[in-house]
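Keep in mind it's a predicted model, so treat the numbers as computed, not measured.
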Amino acid sequence: MSDKILMKTPLVEMDGDEMTRVIWKMIKDILILPHVDLKTEYYDLGLENRDKTRDQVTVDSANATKKYGVAVKCATITPNAARVKEYNLHEMWKSPNGTIRALLDGTVFRAPILVKGITPFIPNWKKPITIARHAYGDVYKNVEMKAPAGSKAELVVTLPDGSEKREKILDFKTAGIVQGLHNIDASIESFARSCFNFALDTKQDLWFATKDTISKTYDHRFKDIFQEIFDAEYKSKFDEAGITYFYTLIDDAVARVIRSEGGYIWACKNYDGDVMSDMVATAFGSLGLMTSVLVAPDGTYEYEAAHGTVTRHYYKYLKGERTSTNSIATIFAWTGALRKRGELDGLSDLCAFADKLEQASVQTIEDGIMTGDLAALSTLENKQSVDTETFLQEIAKRLEALL
């Protein structure tokens, strides 16, 4: 026991669903438990348990994350109508990620894992590009209507004193559609602080992009809040760290991103971040090679994989068939959480273990041993596709050598 790396404070561990749940246990058994005296506070976010607890377990896990400061989360099912039937659920539970994001008031940061042999589609991208996505409001909380011909649409705000402010949107001469969006200053402030803190934490430049030339009140509010908080709280810290913050228009940002070599954080509003994170992930190679971390403005971190529960592989696994499921993003969720726990508790050997596990994972792929999805993308000459467990065993061999 004594030769295992010790931990002081537990991680919050959020278990998940389907194939990623199977991999979750394998990662712990094969890669972590032989070397770390793992301390976790465990929450089962599998769909059956969320249904059984009426989703209270998700709320409890978020509150525990606030308490301990660091969590690691397995991929989970967000049920649709078919899942309600399949799992015989009481109701169509909301996305656990959405619930946790809302409770932690967090921003999602997604970045690619770069490995030799999987070449970005944009050849000048040499360093990761991290997308920071605001996770509140805009089109995701919209109110929308159809407007028949002859309608008049207005934007009305009733002020605290009961008086009204009105702006005409359109007199609809023909039938059309209308949509109302909102955001709140407090959420934009949290988004800004999370981005500035993460930039300092990772020593990367931060870009923020919206369309304030067209949206002179809505998008401009985002721009102003970012600038005010930066000038008041972060400018000197950024100067000291040798990193920069700048604002640009979203279309200019896209052009700069494509021409750049990477190596920065790109902060986006909710919808822009949704689209751009998938674009960046695909252009770097694979959603299976993306890290994802939720950062709250108070410095709470929750690490997860950026992909789903790999349902198709799970049904093969249940039939006893061979699966070749990519576990890299889930491994990196664990390493991110262990490293952050080590940093907060001053445990350099825990941080070093996380670094070595990442190194061993990348080394395995670069040695030509990988899962089927990566083998399809890899340009390496002598590559072999192995099954889910063999891949983890191969990483374990290289980890032993590094330790």
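- Looking at every heavy atom in both residues, Ala209 comes nearest to Trp266 through CB-NE1, 3.8 Å.
- Residues passing the side-chain hydrogen bond (donor to acceptor under 3.5 Å, both in side chains) test with Tyr247, sequence neighbours excluded: Thr210, Asp212.
- Here the closest non-hydrogen pair linking Leu392 and Ser327 is CD2-OG, 3.4 Å.
- Counting only distance, with no hydrogens or angles, the side chain of Lys383 and the backbone of Ala375 share a donor-acceptor pair below 3.5 Å.
- One side chain, Thr388 or Thr323, offers a donor N or O that lies under 3.5 Å from an acceptor on the other.
- The shortest non-hydrogen separation linking Glu41 to Ala64 is OE2-CB, 3.8 Å.
- Ring geometry for Trp207 against Tyr264 counts as parallel: the plane angle stays under 30°, on a 0 to 90° scale with 60° as the upper cut.
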- For salt bridge (Lys or Arg N to Asp or Glu O under 4.0 Å), just list the numbers for Lys340 and Glu343, CA-CA rounded to whole Å, side-chain angles, deciding distance to a tenth of an Å, and then say yes or no. CA-CA 5 Å; Lys340 178 53 68 178; Glu343 283 170 11; 3.1 Å; yes

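- Checked against a 6.0 Å centroid threshold, the rings of Tyr303 and Phe332 do not count as neighbours.
- Arg133 places a side-chain N or O within donor-acceptor distance of the main-chain N or O of Asn270, the cut-off being under 3.5 Å.
- Between Lys211 and Asp272, none of the side-chain N atoms (NZ, or NE/NH1/NH2) sits under 4.0 Å from a carboxylate O, so this pair counts as no salt bridge.
- Looking at Leu206 and Ile243, their side chains never come closer than 4.5 Å, going by heavy atoms from C-beta outward.
- Note: Tyr140 and Tyr271 have tilted aromatic rings, judged against thresholds of 30 and 60 degrees for the angle between ring planes.
- Here the rule is side-chain contact (heavy atoms from CB on, under 4.5 Å) with Val36, and of Lys28, Met7, Lys4 only Met7 fits it.
- For the pair Phe284 and Leu289, the minimum side-chain heavy-atom distance is 4.5 Å or more.
- Between the side chains of Asp17 and Tyr314, not a single donor N or O lies within less than 3.5 Å of an accepting N or O.
- Contact check on Arg193 versus Asp105 returns no salt bridge, with no Lys/Arg side-chain nitrogen under 4.0 Å from an Asp/Glu carboxylate oxygen.
- Checking Asp355 against Gln359 by side-chain atom types alone, no donor-acceptor pair falls below 3.5 Å.
- Remark: the Arg83 side chain and the Thr311 side chain contain an N/O donor-acceptor pair separated by less than 3.5 Å.
- For the residue pair Asn97 / Ser95, no side-chain donor-acceptor distance below 3.5 Å is found, with atom types taken as modelled.
- Using modelled atom types and a 3.5 Å distance limit, the side chains of Glu302 and Thr65 yield no donor-acceptor pair.
- Around the CG atom of Leu159, the shell of radius 6.0 Å holds more than 12 heavy atoms that belong to other residues, nucleotides or ligands.
- With sequence neighbours excluded, the residues forming a side-chain hydrogen bond (donor to acceptor under 3.5 Å, both in side chains) with Trp93 are Asp51, listed by chain and number.
- Nearest heavy-atom pair across Gly273 and Ile131 is O-CG2, 4.1 Å.
- Checking side-chain atoms of Ser187 against main-chain N and O of Ile184 turns up no donor-acceptor pair under 3.5 Å.
- In this model, a donor atom of one side chain and an acceptor atom of the other lie less than 3.5 Å apart for Asn197 and Tyr234.
- Counting only distance, with no hydrogens or angles, the side chain of Thr291 and the backbone of Ala111 share a donor-acceptor pair below 3.5 Å.
- Under a cutoff of 6.0 Å and an axis angle of 45°, Arg256 and Phe246 do not form a cation-pi pair.
- The heavy-atom pair separating Ile77 from Leu47 by the smallest distance is CG2-CD2, 3.8 Å.
- Annotation: the span from Leu287 atom CG to Asn326 atom CG amounts to 10.5 Å, rounded to 0.5 Å.
- Residue pairs meeting the side chain to side chain donor-acceptor pair (under 3.5 Å) criterion with at least one member in residues 170-182, sequence neighbours excluded: Tyr136-His182, Glu144-Gln179, Lys168-Asp171.
- The line from CG of Asp138 to CG of Asp274 is 11.0 Å long, rounded to the nearest 0.5 Å.
- For Arg322, the CZ atom is densely surrounded, since the number of other residues' heavy atoms within 6.0 Å is greater than 12.
- Side-chain contact between Leu170 and Val178: absent, with no pair of heavy atoms (C-beta onward) separated by less than 4.5 Å.
- With contacts defined as side-chain heavy-atom distances shorter than 4.5 Å, the pair Asp224/Glu228 qualifies.
- In this pair, Phe238 and Phe230 present their aromatic rings perpendicular. The plane angle is above 60°, beyond the 30 to 60° band.
- Proximity of Met370 to Ile328: side-chain heavy atoms (C-beta onward) are nowhere separated by under 4.5 Å.
- In this structure a side-chain-to-backbone donor-acceptor pair under 3.5 Å is present from Ser324 to Val386.
- With salt bridges taken as basic N to acidic carboxylate O contacts below 4.0 Å, one links Lys397 and Glu394.
- More than 12 heavy atoms of other shown residues, nucleotides or ligands fall within 6.0 angstrom of atom OH in Tyr315.
- When the shell of 6.0 Å around CD of Glu167 is examined, it contains 12 or fewer heavy atoms from other residues, nucleotides or ligands.
- Annotation for Asn382: atom CG does not count as buried by contact number, only 12 or fewer foreign heavy atoms lying within 6.0 Å.
- A cation-pi arrangement, defined by a distance under 6.0 Å to the six-membered ring centre and an angle within 45 degrees of its axis, is absent between Lys237 and Phe196.
- Within the 4.5 Å cutoff, the side chain of Asn183 has heavy atoms near those of the Phe222 side chain.
- Annotation: Glu164, atom CD; neighbour count of heavy atoms from other residues, nucleotides and ligands within 6.0 Å is above 12.
- Between the side chain of Arg21 and the backbone N or O of Gly16 there is at least one donor-acceptor pair closer than 3.5 Å.
- Between the side chain of Ser385 and the main chain of Thr371, no donor-acceptor pair closer than 3.5 Å is present.
- Ring geometry, Phe198 versus Tyr301: the interplanar angle falls from 30° to 60°, so the pair is classed tilted.
- Atom NZ of Lys73 is separated from atom CG of Leu11 by 15.5 Å, given to the nearest 0.5 angstrom.
- Here the straight-line distance linking atom CD of Glu358 with atom OG1 of Thr335 works out to 3.5 Å at 0.5 Å rounding.
- Using a 4.5 Å heavy-atom cutoff, the side chains of Leu38 and Leu338 are in contact.
- Under a cut-off of 6.0 angstrom, the local environment of OH in Tyr317 is sparse, with at most 12 non-hydrogen atoms contributed by other residues, nucleotides or ligands.
- Scanning both residues, Val280 and Trp125, for their nearest heavy atoms gives O-CZ3, 4.1 Å.
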- Show your working on salt bridge (Lys or Arg N to Asp or Glu O under 4.0 Å) between Asp345 and Arg341 and close with a plain yes or no. CA-CA 6 Å; Asp345 292 351; Arg341 186 76 274 163; 3.2 Å; yes

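- With Lys216 contributing its side chain and Thr213 its backbone, the two residues share a donor-acceptor pair below 3.5 Å.
- Checked by atom type and distance alone, the side chain of Arg50 pairs as donor or acceptor with a backbone atom of Leu45 at under 3.5 Å.
- Taking a cutoff of 4.0 Å between a charged side-chain nitrogen and a carboxylate oxygen, Lys66 and Asp298 do not qualify as a salt bridge.
- Counting heavy atoms of neighbouring residues, nucleotides and ligands inside a 6.0 Å radius, atom CE of Met145 does not exceed 12 of them.
- Between Pro96 and Met14 the shortest side-chain heavy-atom distance does not fall below 4.5 Å.
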